[in-house]
There are 2 protein chains.
Amino acid sequence: MITIKDVARVAGVSPSTVSRVVRGEGKVGKVCRAKVQKVIDELGYRPNINAQALVNQKSNTLGVIMPNVSMSFFGALACGAEQAAKEQNYRVVISNAFGSEKAEMEAIDSLMQHRCDAIVMHSAHASDEVLCKLADKIPGLVFINRFIPQIPNRCVWLDNNLGAQEAARYILSKGHIDIAVITREVMNSDAKLRFEGIKTALNSAGVSLNETNVGRRDADMAGGRAAVRELISNGVKFSAVLVYNDNMAIGVIHELHACGIQVPQDVSVIGFDDLLISVACLPQLTTMHYPVEEMASYAAKLAIELSENSISSGRTHLFMPHLVERGSVIEATAIETEIG
Amino acid sequence: MITIKDVARVAGVSPSTVSRVVRGEGKVGKVCRAKVQKVIDELGYRPNINAQALVNQKSNTLGVIMPNVSMSFFGALACGAEQAAKEQNYRVVISNAFGSEKAEMEAIDSLMQHRCDAIVMHSAHASDEVLCKLADKIPGLVFINRFIPQIPNRCVWLDNNLGAQEAARYILSKGHIDIAVITREVMNSDAKLRFEGIKTALNSAGVSLNETNVGRRDADMAGGRAAVRELISNGVKFSAVLVYNDNMAIGVIHELHACGIQVPQDVSVIGFDDLLISVACLPQLTTMHYPVEEMASYAAKLAIELSENSISSGRTHLFMPHLVERGSVIEATAIETEIG
DNA sequence: GTGAAAGCGCTAACAC
DNA sequence: GTGTTAGCGCTTTCAC
């Protein structure tokens with residue numbers, strides 16, 4: 001690998017001069033600059049980022065911590081972060097931290113060791129307290145898809161409650177009254193918020209939600225299937241299902257189909273997240289769009305900004321989901337059969 | 001950030017000694033080691049990776065270059081690489097390089113600048129020649145999902161031809177004779193190989209494939225839809241469709257559905273790749289499983305190994321796809337209606 | 001066994 | 001304008 005000294009020697013100048021032209025800062029004579037640039041090009045010189053990081057005490061690195069890149073949601077997250085980072089001349093290092101607070105803390109630790117200036121973290125397992133302490137120690141740390149009241153300016157989050165309300169109101173507007181809700185068994189903050197949003201909307205429309213009408217299972221396709229199956233076998237009567245997320249919703253559609261119940265003719269289904277798969281399903285899933293990429297990109301910029309200026313302005317970073325109408329919801333009046 | 005000197009000072013030893021205990025190498029007295037370790041723990045000292053990289057001339061970084069992490073296939077790729085890297089105490093930096101050879105070269109450039117020792121690259125746009133030169137310059141560079149004859153030991157690839165043959169034979173074994181093929185318009189190496197595999201299997205079964213029975217479009221859902229639509233409007237008669245990949249296959253299923261043709265009752269459809277979405281579709285897609293994660297993990301290990309030893313053994317790294325039977329293919333005899 | 005010293009590639013004062 | 005020097009945090013001879 002060719003170094004700054006090599007360039008300096010060949011160009012017949014000092015390393016400082018080369019450094020100046022590379023960074024485009026400081027005074028350098030016009031002809032001298034041209035000469036040096038020529039040598040740089042000829043030799044294909046690239047500054048050693050590690051050396052730069054060492055001397056500058058910053059590494060221009062954005063760390064992204066999340067459960068698993070291979071899951072569509074997190075892939076989109078990583079992608080959004082990468083785009084924003086690239087614009088600011090940051091590289092991004094990905095750290096999967098799946099399943100436990102321990103894994104998450106190890107990821108942070110490793111990123112710190114690399115002197116990551118900025119970090120975007122999707123934490124599912126650490127407590128607010130732990131995260132607050134972390135945020136306190138690391139100025140460039142930003143949380144995505146999570147709201148921590150003590151550090152609102154460090155959180156880039158989605159209004160799950162309002163989103164769920166919108167979904168519910170949409171279903172109501174379609175004339176549905178017999179409504180089932182499927183949520184996740186372990187109620188994390190998202191699940192609580194979305195569930196409450198649904199209840200709020202239903203209540204204010206004068207539609208009551210009986211606990212017998214809510215299914216609770218794992219937040220994946222299998223969970224969705226199991227949840228509706230139980231609802232059906234319990235004799236619950238419904239013409240529409242509000243589902244916690246797209247994965248579960250797809251499961252719901254599949255199970256309904258297996259039971260000979262057609263979506264949307266017999267039952268309408270609405271999801272949440274707008275994952276890639278929602279469009280692969282037949283019928284395509286009507287769902288609430290979660291602007292992951294935009295949020296991730298925003299979070300990345302925020303993290304970088306915070307790491308550089310540490311100005312922790314009081315502004316909040318709240319995003320709104322919006323409805324995407326596809327094929328899984330229709331008017332209740334159009335329903336021919338009703339199960340139950 | 002606390003440095004090796006801080007630890008040395010507090011522990012009352014020299015930096016060299018601290019370095020020895022941190023790395024667990026070299027002779028250190030037992031009590032001395034314990035004392036130093038204690039200070040390390042108390043102070044929460046973490047070696048600065050940038051400094052290590054600088055002095056060791058290696059950064060323990062694995063670079064992953066691909067079009068776009070947010071696409072399910074590449075997410076899985078990144079994930080496989082990350083897992084393998086973590087095991088070897090490497091960090092992974094992701095670089096999206098979408099759409100052009102230029103973008104790919106810039107990604108390489110940036111990774112070199114970071115002194116990445118090992119790189120796993122998914123190149124869609126660079127030529128074999130360019131890639132060969134690169135491989136020559138960078139010992140730890142490995143290509144995934146691509147076979148370059150001149151450097152077989154640097155390529156981790158899938159036998160697309162045999163996979164396609166298997167898919168075709170499977171369809172034949174189900175009694176289908178009227179077969180349509182949908183491939184991509186711009187025939188990259190994968191597309192050619194898969195198409196030839198299909199022809200090989202069909203030929204040796206004495207089934208001829210007329211060019212009128214092949215649709216060529218973009219390799220996405222919309223392309224799949226457009227391709228069958230054309231086939232149908234051209235009056236082509238078929239009871240099964242062999243599709244280039246899952247995305248197109250899903251599009252095919254959707255379009256067929258829109259035309260009132262049922263899958264698999266009227267027409268069987270088989271895909272290739274086994275993306276996450278293949279299971280979201282209804283019916284779930286029968287397809288050839290592409291072991292991306294295993295391959296990526298293997299490629300990561302290979303890249304790291306090559307970067308460390310540069311022993312470029314002559315072995316090849318060929319993987320095999322395998323059939324995953326789900327719901328989109330049935331016996332031809334079971335077909336009630338045949339379109340055309 | 002342990003420490004002193006040099007140097008990895010770069011930048012940032014400070015001279016000239 | 002340009003060069004000299006010191007030093008970022010670490011590892012690695014080489015003395016002792």
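Letters A, B, ... mirror the listed sequences (proteins, then strands); counts begin at 1. These numbers come from a predicted model, not from an experiment.
A:Lys35 has its NZ atom 10 Å from the C1' atom of D:dT2, to the nearest Å. Summarising the geometry, the separation between NZ on A:Lys30 and P on D:dT2 is reported as 13 Å, rounded to the nearest angstrom.
Residue A:Thr17 has a polar side-chain atom (N or O) positioned under 4.0 Å from OP1 or OP2 of D:dG3.
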task: Do nucleotides 7-16 of chain C as a string where each nucleotide becomes B, S or -: B if the base has a protein heavy atom under 4.0 Å, S if just the sugar-phosphate does, - if no protein is that close.
output: BBBSSBB---

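Atom CZ of B:Phe319 sits in a crowded spot, with more than 12 heavy atoms from other residues, nucleotides or ligands closer than 6.0 Å.
Between the side chain of B:Ser297 and the backbone N or O of B:Ala81 there is no donor-acceptor pair closer than 3.5 Å. With B:Asp6 contributing its side chain and B:Thr3 its backbone, the two residues share a donor-acceptor pair below 3.5 Å. A donor-acceptor contact shorter than 3.5 Å links the side chain of B:Arg146 to the backbone of B:Ser123.
Side-chain rings of A:His317 and A:Tyr298 approach one another, their centers coming within less than 6.0 Å.
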